[in-house]
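Structure record follows, encoded as structure tokens.
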Amino acid sequence: MPELPEVETVVRDLRPLLVGRTIAAVEVGERKLRRPWNAAWGPTLIGRTFTVARRRGKWIILELDDDRRLVVHLGMTGQFTVADVALVRPDHLHLSFALRGGEAELRYRDIRRFGSVELFPDEATVVAYLGAKLGPEPFDIPAEPFAAAVRGSTRNLKALLLDQGLIAGVGNIYADEALFLAKLHPTTRGCDLTAKQVKALREAIPTVIERAVAGRGSTIRDYVGGSGLRGEYQNELAAYGRTGEPCLRCGTPLAMLRVAGRSSHFCPACQKASLT
DNA sequence: CTGTAATCCTGCGAGC
DNA sequence: TGCTCGCAGGATTACA
């Protein structure tokens, strides 16, 4: 569910609630996550303090004072929040980390269990793991390598945008939003873009992501930030989920197409299939 | 290298 | 009301 803006919002929310706090207890649910939590990890975390909360692509990294890192992916329905222990334990809660002081706990909830929470021994192993699969963040996409990758590929633009190895953090919502902003059709092949169009695409991505971060992400269904608040950007979306509704630029009803295995929303009038 | 489909899961809305 | 079907912010794998 969550893409870069949602994950960034979770991290920003968690940071002031977690940094400096010490783990007092760890509780583990019965059901397995996509990449299962190792039962041996829990006891070793007691007494450890969170020092840093950060993000890389759609991954959350929580650093501990012994150099280890909790690495979390929210999958489609993951929720990572600090909640008052007095609040009723929700269903689908898989992990909870009680914080010293007694009044709050860090909770990992995930209905579909596509997400994961794992412990890494140090930064080097995290870099080895994530670095191998993630490209640059949307805010610093290097112009030349990006242009070469796009124009050298016969893959369609939707598939390229969803490729975490090309750019980290873009998912189905913001891929559609970026293509709408750049006036590009999701099925257009990378190799069919002009230099100008590649530039428009490269610039549209951070623009869209930045706006969504400012709006605390989009809550379509399950997503909530680190303090349990819903996002607000779903109301600002120009393409995603607006099939049949008028294009905000030209009024033409938006269309929907299955591209790269995902539903893709676009304006058939201002996002023409490649003709250059 | 491509694209497509299936897989991992649960829940919800649409349609009958 | 109850049923089935299809779909959902992701990532990986198998196969044509």
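Here is how names work: the chains are called A, B, and so on, in the same order as the sequence lines, proteins then strands, and each is numbered from 1. What you see is a predicted model; the values in this text were computed from it and never measured.
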Checklist line | Whether A/His94 and A/Tyr108 hold their rings parallel, tilted or perpendicular, with breakpoints at 30° and 60° | finding: tilted
Next item on the list: Grab the CE-P distance between A/Met256 and C/dG6 for me, whole Å please.
Entry: 14 Å
Note to self: Distance check, C1' atoms only: C/dG6 and B/dA5, in whole angstrom units.
What the structure shows: 15 Å
Next item on the list: Answer yes or no: does a side-chain N or O of A/Asn172 lie under 4.0 Å from OP1 or OP2 of C/dA8?
Entry: no
Notebook entry, point to check: So what is the 5' to 3' dot-bracket string for DNA chain C, if pairs are Watson-Crick or G-U wobble with both distances under 3.5 Å, crossing pairs use [ ] and | means the partner sits on another strand?
Noted result: .|||||||.|||||||
Check: According to the ring-ring contact (aromatic ring centres under 6.0 Å, His included) rule, which pairs have a member within residues 12-32 of chain A, sequence neighbours left out?
Finding: none
Next item on the list: Return yes if a side-chain donor-acceptor contact under 3.5 Å exists between A/His265 and A/Asp176, otherwise no.
Entry: yes
Next item on the list: Between A/Arg221 and A/Arg155, just flag the one whose closest nucleotide in DNA chain B comes earlier from the 5' side.
Entry: A/Arg155
Check: Are A/His92 and B/dG11 close enough that a side-chain N or O sits under 4.0 Å from OP1 or OP2?
Finding: yes
Next item on the list: Would you indicate what A/Arg31 reaches in the nucleic acid, counting non-hydrogen atoms under 4.0 angstrom: base, sugar-phosphate, or nothing?
Entry: sugar-phosphate
Next item on the list: Give the rounded distance in Å between these two atoms: CD of A/Gln164 and P of C/dT12.
Entry: 9 Å
Checklist line | For atom CG of A/Leu162 and atom C1' of B/dG3, their distance in whole Å | finding: 13 Å
Item checked: A/Lys32 side chain near B/dC9 phosphate (N/O to OP1/OP2, under 4.0 Å) -> no
Item checked: Residues, nucleotides or ligands: over 12 heavy atoms within 6.0 Å of A/Glu144 CD -> no
Next item on the list: Go through C/dA8, B/dC8, B/dT2 for me and flag the one nearest to the A/Arg34 side chain.
Entry: B/dC8
Next item on the list: May I ask you to say what A/Ser218 touches in the nucleic acid, namely base, sugar-phosphate or nothing, with a heavy-atom cut-off under 4.0 Å?
Entry: base
Margin query: Does this structure show an ion pair linking A/Glu236 with A/Arg211, if we count only N-O contacts that are shorter than 4.0 Å?
Written below: no
Next item on the list: Could you measure between the two P atoms, the one in C/dC7 and the one in B/dT4, and give it in whole Å?
Entry: 15 Å
Check: What's the NE2-P distance between A/His94 and B/dC8, to the nearest Å?
Finding: 17 Å
Check: Residues from residues 109-140 of chain A sitting under 4.0 Å of DNA chain C, heavy atoms only?
Finding: A/Arg112, A/Phe114, A/Lys133
Next item on the list: Answer with base, sugar-phosphate or nothing: what part of the nucleic acid does A/Tyr174 contact at a heavy-atom distance below 4.0 Å?
Entry: nothing
Check: In whole Å, what is the span from the CE atom of A/Met76 to the P atom of B/dT7?
Finding: 16 Å
Checklist line | Separation between the C1' atoms of C/dC3 and B/dC8, rounded to whole Å | finding: 25 Å
Margin query: Just to be sure I understand the rule, does A/Gly171 reach a base, reach only the sugar-phosphate, or reach nothing, if contact means heavy atoms closer than 4.0 Å?
Written below: sugar-phosphate
Next item on the list: Determine: side-chain N/O of A/Ser263 to OP1/OP2 of C/dA8, distance under 4.0 Å, yes or no.
Entry: yes
Item checked: Separation of B/dC9 C1' from A/Asp222 CG (nearest whole Å) -> 12 Å
Next item on the list: Rounded off to whole Å, could you give me the CD-to-P distance for the A/Glu30 and B/dC9 pair?
Entry: 16 Å
Next item on the list: Report yes or no: does A/Gln271 contribute a side-chain atom to a donor-acceptor pair with the main-chain N or O of A/Leu179 at less than 3.5 Å?
Entry: yes
Notebook entry, point to check: Counting only side-chain N and O atoms of A/Thr154, is one of them less than 4.0 Å from OP1 or OP2 of B/dC1?
Noted result: no
Item checked: Separation of the P atoms in C/dA11 and B/dG11, to the nearest angstrom -> 22 Å
Next item on the list: Identify whether the distance between the nearest side-chain nitrogen and carboxylate oxygen of A/Arg155 and A/Asp163 falls below 4.0 Å.
Entry: yes
Next item on the list: Establish, for the pair A/Arg21 and A/Phe97, whether the NZ or CZ atom is under 6.0 angstrom from the six-membered ring centre and no further than 45 degrees off its axis.
Entry: no
Check: Between A/Arg54 and A/Glu123, is the closest basic N to carboxylate O distance under 4.0 Å?
Finding: yes
Next item on the list: Please determine if A/Asp13 and A/Arg216 form a salt bridge, counting it only when a charged side-chain N lies under 4.0 Å from a carboxylate O.
Entry: yes
Notebook entry, point to check: Could you state the CG-P distance from A/Leu166 to C/dA11, rounded to the nearest angstrom?
Noted result: 14 Å
Margin query: Closer than 4.0 angstrom, basic N to acidic O: yes or no for A/Arg69 and A/Asp67?
Written below: yes
